[in-house]
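Atoms within each ligand, like the ligands themselves, are counted from 1 in listed order.
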Amino acid sequence: MPLHDFICRGCGHAFEALLIGKEQPLCPQCGSPDLHKQMSTFASRTASKGDGSGSGGSKCAGCAGGSCSTCH
Ligand SMILES: [Zn+2]
């Protein structure tokens with residue numbers, strides 16, 4: 001489902017909108033089309049909550065302890 005999170009730059013209102021094609025959503029609060037589109041939060045959470053050995057996780061691959069303070 002093409003559901004995206006947006007934050008209105010005009011009033012700061014956060015909302016979700018269904019994007020169909022190239023439709024441009026408007027802020028439901030102030031009607032502004034000036035929106036900041038966010039990455040879908042549920043997708044990034046799913047990717048980062050893995051076992052840590054896969055790709056795309058938040059842990060560094062070369063760091064056994066899970067802390068990247070020493071390897072960057
Ligand atoms: Zn707004």
**Message:** Quick check for you: to the nearest 0.5 Å, what is the distance between Leu26 atom CG and Phe6 atom CZ?
**Reply:** 10.5 Å

**Asked** Where do Cys27 and Cys30 come nearest, in terms of heavy atoms and distance?
**Response** SG-N, 3.4 Å

**Message:** If I compare all heavy atoms of Gln24 with all of Pro33, which pair ends up nearest, and what's the gap?
**Reply:** NE2-O, 3.3 Å

**Prompt:** Taking the Zn ion (ligand 1) as the center, what protein N, O or S atoms are found at less than 2.8 Å?
**Reply:** Cys8 SG, Cys11 SG, Cys27 SG, Cys30 SG

**Distance, nearest 0.5 Å, that separates NZ of Lys37 from CD1 of Ile7** = 14.0 Å

**Asked** Under a 4.5 Å cut-off applied to non-hydrogen side-chain atoms, are His13 and Pro28 in contact?
**Response** yes

**Prompt:** Between Arg9 and Leu35, which heavy-atom pair has the shortest distance, and what is it?
**Reply:** NH1-O, 3.3 Å

